[in-house]
Trainee: 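Could you have a look at this structure, given as structure tokens, before my questions?
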Amino acid sequence: MSFVLLTAEATPILLAAKNGVLEMVKKILEAFPMTILDKDSNENCIALIAVKNQQFHVYEFLLGYDHIVERGLVFNIVDCKLNTALHLAAMQHEYESWLMPTSLLQLQWKVKWYEYVKNSMPRGLSLCTNDEGLCPDEIYENLLDKSKKWLKSTGDSCSFVAALVATVAFASSATVPGGVNQDSGLPLFQHHLAFRLFAISSVLSLCSSFTSLLIFFTLLTSKYQFKDFSRN
């Protein structure tokens, strides 16, 4: 039996997979089962498009789809740049810049998505290289390096602000508004509600600022391992 692979800029099923319209993907496959072998002009099949656009529900459906004649023609192929599904899962794509506000959150989602795709693929696929000579793990490490730089610059800025707040909070907590009684040494306004609110807020701000400094110090001295980014 010979298969005819439809190659076009974007066929209906590829558009549906790209935009995550699972219902349309199911309907098209029910009417035209061979469309699962469609490819676009960059040799991307439906599985590669689902992985590239992080369409979890579409990719999960394809994994459980029982009517695929040869699963290797869908999951183990490469695009025109020799990128496998794992390469595409590890890459940072242009559309992701507005999905996540920071590269740190991007990496956290990438870790989870990459591990999910990797567990669904044959083990040997992670050793394949693309036309640039990079394997998926090497692309993964490049994204980690970018996140390290972002995290360091953000941590430096935030720790500087937290240090300023801690300095002001310490000065305010050491200052007693209205002075103290010379005989007893107690604050003159200790029975006023406003003084109590001031004292409580000063202590809270001091504790919060020092806690922030400790957190940012921990981030700056972190080893930046991939497993750390997979935690919420």
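What's counted below: heavy atoms across the whole structure, side chains too, no hydrogens, waters or symmetry copies.
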Trainee: Closest approach of Ala166 and Leu213, non-hydrogen atoms and distance?
Mentor: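 Where Ala166 meets Leu213 most closely, the heavy atoms are CB-CD1, 4.3 Å.
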Trainee: Is there a side-chain contact between Leu63 and Phe75, using heavy atoms and a 4.5 Å cut-off?
Mentor: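 Yes, side chains in contact.
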Trainee: Between Tyr114 and Asp137, do the side chains contain a donor N or O and an acceptor N or O under 3.5 Å apart?
Mentor: yes
Trainee: How far does CZ of Arg71 sit from CG of Leu62, to the nearest 0.5 angstrom?
Mentor: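 Interatomic distance, Arg71 CZ to Leu62 CG, rounded to 0.5 Å: 8.5 Å.
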Trainee: Of all residues at least two apart in sequence or in a different chain, which pass the side-chain hydrogen bond (donor to acceptor under 3.5 Å, both in side chains) check with Ser212?
Mentor: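 Ser212 satisfies side-chain hydrogen bond (donor to acceptor under 3.5 Å, both in side chains) with no other residue.
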Trainee: Got a donor-acceptor contact below 3.5 angstrom from the Gln55 side chain to the Ala17 backbone?
Mentor: no
Trainee: Less than 4.5 Å apart, side chain to side chain, heavy atoms only: is that true for Tyr65 and Val74?
Mentor: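 Not touching, per the 4.5 Å side-chain cut-off.
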Trainee: So with a 6.0 Å cut-off around CE of Met24, is the heavy-atom count from everything else above 12?
Mentor: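 Counting other residues, nucleotides and ligands, CE of Met24 stays at 12 neighbours or fewer.
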Trainee: Could you grab the distance from atom CD1 of Ile139 to atom NE2 of His87, nearest 0.5 Å is fine?
Mentor: 4.5 Å
Trainee: Do Thr11 and Asp40 come close enough that some side-chain heavy atom pair is under 4.5 Å?
Mentor: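 Counting from C-beta outward, Thr11 and Asp40 never come under 4.5 Å.
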Trainee: Roughly how far, to the nearest 0.5 Å, is the CD1 atom of Ile46 from the CG atom of Leu15?
Mentor: 11.0 Å
Trainee: In terms of hydrophobic clustering (I, L, V, M, F, W, Y; side-chain heavy atoms under 4.5 Å; direct or indirect links), are Leu86 and Leu127 co-clustered?
Mentor: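 They do not share one cluster, since no chain of ILVMFWY contacts under 4.5 Å joins Leu86 to Leu127.
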Trainee: Please check if any side-chain donor atom of Asn42 sits under 3.5 Å from a side-chain acceptor atom of Asp79, or the reverse.
Mentor: no
Trainee: When you compare the side chain of Asn130 with that of Lys81, does any pair of heavy atoms fall below 4.5 Å?
Mentor: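 No, every pair of side-chain atoms sits at 4.5 Å or beyond.
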Trainee: Would you name the heavy atoms of Ser159 and Asp156 that are closest together and state the gap between them?
Mentor: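 Shortest heavy-atom separation between Ser159 and Asp156 comes out as OG-O, 2.9 Å.
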Trainee: Could you tell me if the side chain of Asn76 sits less than 4.5 Å from the side chain of Met121, heavy atoms only?
Mentor: yes
Trainee: Please collect all ring pair (Phe, Tyr, Trp, His ring centres under 6.0 Å) contacts where either partner lies in residues 18-56, sequence neighbours excluded, each pair once.
Mentor: Phe56-Tyr116
Trainee: Quick one: closest heavy-atom pair of Val165 and Ser209, and the distance?
Mentor: CG1-CB, 4.1 Å
Trainee: If you compare all heavy atoms of Ile28 against all heavy atoms of Thr35, which two are closest, and at what distance to 0.1 Å?
Mentor: CG2-OG1, 3.5 Å
Trainee: How about Ile200 and Leu204: do any of their side-chain heavy atoms sit closer than 4.5 Å?
Mentor: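 Yes, their side chains come closer than 4.5 Å.
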Trainee: For the atom pair CZ (Phe61) and CD (Glu23), what is the distance rounded to the nearest 0.5 Å?
Mentor: 10.5 Å
Trainee: Drop me the distance from Trp113's CH2 to Tyr59's OH, to the nearest 0.5 angstrom.
Mentor: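 Between Trp113 CH2 and Tyr59 OH, I get 7.0 Å after rounding to 0.5 Å.
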Trainee: Would Ile77 and Lys39 count as a side chain to side chain contact (heavy atoms under 4.5 Å, CB included) here? Give the steps.
Mentor: CA-CA 11 Å; Ile77 64 175; Lys39 293 183 179 181; 3.7 Å; yes
Trainee: Measure the CG-OG distance between Leu206 and Ser201 for me, rounded to the nearest 0.5 Å.
Mentor: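 Going from the CG atom of Leu206 to the OG atom of Ser201 covers 11.0 Å.
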Trainee: Using every non-hydrogen atom in the two residues, find where Ala16 and Val25 come nearest and quote the distance to one decimal.
Mentor: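 Minimum heavy-atom separation between Ala16 and Val25: CB-CG2, 3.7 Å.
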Trainee: How about Cys128 and Val78: do any of their side-chain heavy atoms sit closer than 4.5 Å?
Mentor: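 Of all side-chain heavy-atom pairs linking Val78 with Cys128, none is under 4.5 Å.
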Trainee: When hydrophobic residues are tied together by side-chain contacts of less than 4.5 Å, even through go-betweens, does Leu214 share a cluster with Val203?
Mentor: no
Trainee: Using atom types as modelled and distance alone, determine if a side-chain donor or acceptor of Glu138 lies under 3.5 Å from a backbone N or O of Cys135.
Mentor: yes
Trainee: Could you check whether any side-chain heavy atom of Leu164 comes within less than 4.5 Å of a side-chain heavy atom of Val161, counting everything from C-beta outward?
Mentor: no
Trainee: Quick check: does any side chain N or O of Asn44 sit under 3.5 Å from a backbone N or O of Leu48, one acting as donor and the other as acceptor?
Mentor: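 Checking the backbone N and O of Leu48 against the side chain of Asn44, no donor-acceptor pair under 3.5 Å is found.
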Trainee: Closest heavy-atom contact between Val58 and Gly20?
Mentor: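 It is CG2-CA, 3.9 Å.
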